[in-house]
Amino acid sequence: IFMLTPFIENKKLSFEEILNGIEELSYSQGFYGRLLREIYELDEESYQAVKEKWDGAFSDMLDFILYIEM
C-alpha cells in the first residue's frame, strides 16, 4: 500500500518518506545502507541541498530507485 498511495492520491514523496524507503531497502541491499549512511554523514549545507532536490521530486520509491540507479 505504501508504494501505491502516491498513485492514488497523485502526491509526491516527502524527503522523510524517501529516507524511510531507503532504510527499508538497506535491509536487503548494501548499496542503500551505504547511501543512507552517507546522507546522514553530510554536512548541514549538503544535507539541505539533497533534501531540497529530492523532497517532492518523486511519485513513489520505484521512481526514486530508477533515478538513483541510473
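It should be emphasised that the depicted structure is a prediction, and the values quoted were computed from it without experimental measurement.
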Considering only distance and modelled atom types, tabulate donor-acceptor pairs under 3.5 Å from the side chains of residues 28-41, sequence neighbours left out.
{"unit_1": "S28", "atom_1": "OG", "unit_2": "L25", "atom_2": "O", "d": "3.4"}
{"unit_1": "Y32", "atom_1": "OH", "unit_2": "E69", "atom_2": "OE2", "d": "2.5"}
{"unit_1": "R34", "atom_1": "NH1", "unit_2": "G30", "atom_2": "O", "d": "3.4"}

### Message
How long is the straight-line distance from CD1 of I22 back to CD1 of I18, given to the nearest 0.5 Å?
### Response
7.0 Å
### Query
Quick one: side-chain hydrogen bond (donor to acceptor under 3.5 Å, both in side chains) partners of S26, sequence neighbours excluded?
none
### Query
Can you tell me how far the NZ atom of K12 sits from the CG atom of D55, to the nearest 0.5 Å?
12.0 Å
### Task
Mind listing the closest non-hydrogen atom pair of M61 and E17 along with its distance?
SD-O, 4.3 Å
### Query
Looking only at heavy atoms, which two atoms of D63 and S59 are closest? And how far apart?
OD2-N, 3.0 Å
### Query
How would you list, by chain and number, every residue that makes a ring pair (Phe, Tyr, Trp, His ring centres under 6.0 Å) with F15, sequence neighbours excluded?
Y47
#### Entry: Stepwise side-chain hydrogen bond (donor to acceptor under 3.5 Å, both in side chains) test for E44 and Q48
CA-CA 6 Å; E44 185 62 30; Q48 288 301 320; 2.9 Å; yes
### Task
Please work out whether the ring planes of W54 and F58 are parallel, tilted or perpendicular, with thresholds of 30° and 60°.
perpendicular
